[in-house]
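Each remark here refers to the structure printed beneath this line.
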Amino acid sequence: MKRDSGYSTMAEEQKQEKKLWDALKIAACALGTGLLIFTALVNSVSWYVQSIWDTSGHFWQTAWLKFYYRFEGKEWTIFLLGAALVPSLAFWCFNGILMVADVTGKPTFITRYRIQLGKNDPVDTKKLRQAIYTALCNQFFISLPMLVPMFYVMKWWGNTFSKELPTFHWFLVELSIFTLIEEILFYYTHRLVHLPLLYKHIHKKHHEWTAPIGVVSIYAHPVEHILSNTLPVLTGPMIMGSHIVSISAWFSLALITTSISHCGYHLPFLPSPEFHDFHHLKFNQCYGVLGVLDYLHGTDTAFKQTKAYERHRVLLSLTPLSESIPEAPKRAE
């Protein structure tokens with residue numbers, strides 16, 4: 001009987017081992033197949049985008065050379081136009097549309113996507129004028145002078161005013177690095193200005209808007225505008241020695257995305273602003289841009305327990321998320 005029991009135990013162990021081995025083989029096969037499909041898909045998309053870029057590459061290269069020779073290769077003029085004028089136009093054109101909606105409540109295809117219902121409906125025009133004034137001062141008297149040392153750093157690299165544009169793939173690599181650097185620098189400088197002493201004298205100005213609007217993205221104390229708004233965006237191109245066209249595209253993209261984060265509307269097909277809107281509402285959550293460092297430091301735990309977290313995704317329909325994922329009804333006292 002003992003011998004039969006021993007054989008039975010061994011047989012069961014062998015069966016378990018076989019099952020485990022079969023499971024590992026299935027998992028390896030599934031993962032391998034998935035990886036191959038993913039790689040093929042990425043390569044296909046990359047090839048397709050690159051083919052479009054190559055097709056239009058001659059056009060962009062020719063346009064860049066015409067622009068370059070139009071200003072006779074004057075690097076300072078080209079740098080100012082690319083790093084200051086183009087991003088500023090992108091910022092104010094985008095925010096101009098949002099401010100019309102903020103002030104008039106129209107068009108409704110924008111205002112119906114308001115995140116904090118009943119707030120800034122319409123916006124306080126006195127507060128808005130102050131925000132515009134501060135934003136312009138920050139741009140002209142802080143951001144613009146900070147471009148002077150950046151210009152000389154870029155000249156030292158020697159690639160910024162090259163007559164040959166960077167490749168599409170290289171621009172994507174740079175964009176990834178810029179975004180990572182911005183996430184790190186913005187998160188920690190933002191945490192820094194939330195220290196009680198610095199918050200009271202510096203960061204409190206930005207948090208006057210518990211329900212932010214787009215232009216408030218650069219409504220800040222001058223020290224904060226240097227530390228949190230400008231340096232995280234400038235640092236990436238200075239480290240990489242980027243081309244002026246890449247710098248112009250990155251600055252414009254950074255200003256538009258921070259405007260979206262502050263705009264107060266969760267608009268269809270645009271990045272979700274729920275994360276940073278929640279920061280303005282609660283102050284001690286969601287400090288970063290991407291949310292990666294918030295996850296690592298646990299500064300998004302309260303956010304994850306809210307309806308705002310459920311709504312924190314790209315809206316792919318025309319139904320406002322405040323309707324499809326409404327706030328839970330308040331309990332009667």
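Just so you know, these numbers come straight off a predicted model, no measurement behind them.
- With a 6.0 Å radius and a threshold of 12 heavy atoms from other residues, nucleotides or ligands, Tyr295 has its OH atom at or below the threshold.
- By the 4.0 Å N-to-carboxylate-O rule, Glu274 lies too far from Lys307 to be salt-bridged with it.
- Atom CG of Asn229 and atom CD of Glu182 lie 9.5 Å apart (nearest 0.5 Å).
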For this session: Decide yes or no on side chain to side chain contact (heavy atoms under 4.5 Å, CB included) for Val193 and Tyr199, but give the supporting numbers first.
Result: CA-CA 5 Å; Val193 294; Tyr199 181 86; over 6 Å; no

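- Side chain to side chain, Gln139 and Trp92 meet the donor-acceptor criterion of an N or O pair below 3.5 Å.
- Sorted by first and then second residue, the salt bridge (charged side-chain N to carboxylate O under 4.0 Å, His left out) pairs involving residues 242-265 (not counting sequence neighbours) form an empty list.
- Phe161 CZ to Tyr68 OH: the interatomic distance, rounded to the nearest 0.5 Å, is 8.5 Å.
- Ring geometry for His207 against Phe283 counts as tilted: the plane angle lies between 30° and 60°, on a 0 to 90° scale.
- How far OG1 of Thr160 is from CE of Met150: 7.5 Å, rounded to the nearest 0.5 Å.
- His312 and Phe303 have perpendicular rings, their planes meeting at more than 60° on a 0 to 90° scale where under 30° would count as parallel.
- Of all the heavy atoms in Tyr265 and Asp102, the pair that sits closest is OH-OD1, 2.7 Å.
- With rounding to the nearest 0.5 Å, the separation of CD1 in Ile142 from CG in Asn138 is 4.5 Å.
- Side-chain contact between Lys163 and Tyr69 is present, with heavy atoms from C-beta onward closer than 4.5 Å.
- Pairing each heavy atom of Thr111 with each of Ala101, the nearest pair is CG2-O, 3.7 Å.
- The neighbour count for Tyr152 OH, taken as heavy atoms of other residues, nucleotides or ligands under 6.0 Å away, does not exceed 12.
- To the nearest 0.5 Å, atoms CG (Leu281) and SG (Cys286) are separated by 10.0 Å.
- Residues Val289 and Thr257 form no side-chain contact, since every pair of their non-hydrogen atoms from C-beta on lies 4.5 Å or further apart.
- Side-chain contact between Leu293 and Arg191 is absent, with no heavy-atom pair separated by less than 4.5 Å.
- Other residues, nucleotides and ligands place more than 12 heavy atoms under 6.0 Å from the CZ atom of Arg112.
- In this structure, the side chains of Phe278 and Arg311 stay at 4.5 Å or more apart for every pair of heavy atoms.
- Taken to the nearest 0.5 Å, the CD1 atom of Ile213 stands 8.5 Å off from the CG atom of Leu98.
- Within the structure, salt bridge (charged side-chain N to carboxylate O under 4.0 Å, His left out) pairs that include any residue of residues 224-235 do not occur (at least two apart or interchain).
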For this session: Run the numbers on Tyr133 and Arg129 for side-chain hydrogen bond (donor to acceptor under 3.5 Å, both in side chains), then give the verdict.
Result: CA-CA 6 Å; Tyr133 173 77; Arg129 284 195 296 270; over 6 Å; no

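- For an aromatic pair to be called close, the ring centres must be under 6.0 Å apart, and Phe141 with His225 fails this.
- Counting only residues at least two apart or on different chains, the salt bridge (charged side-chain N to carboxylate O under 4.0 Å, His left out) pairs with a member in residues 75-98 are Glu75-Lys155.
- No side-chain heavy atom of Val292 sits under 4.5 Å from any side-chain heavy atom of Tyr187.
- Proximity of the aromatic rings of His266 and Tyr113 is defined here by a centroid distance below 6.0 angstrom, and this criterion is not met.
- Aromatic ring centroids of Trp170 and His243 lie 6.0 Å or more apart.
- Between Asp294 and Asp300 the shortest heavy-atom distance is O-OD1, 3.5 Å.
- Using the six-membered ring where Trp is involved, Tyr287 and His194 have ring planes that are perpendicular, over 60° apart on the 30 and 60° scheme.
- Considering all non-hydrogen atoms of both residues, Thr306 and Ala302 come closest at CG2-O, 3.3 Å.
- Minimum interatomic distance between Ser228 and His190 (heavy atoms only, all atoms of both residues): OG-N, 3.9 Å.
- Two residues are said to be in side-chain contact when any heavy atoms from C-beta on lie closer than 4.5 Å; Val103 and Pro122 fail this criterion.
- Between His206 and His262 there is a side-chain heavy-atom pair separated by less than 4.5 Å.
- Residues Leu147 and Phe251 form a side-chain contact, since some pair of their non-hydrogen atoms from C-beta on lies under 4.5 Å apart.
- Summarising the geometry of Pro271 relative to Ile260, their closest heavy-atom pair is O-CG2, 3.4 Å, with the distance given to 0.1 Å.
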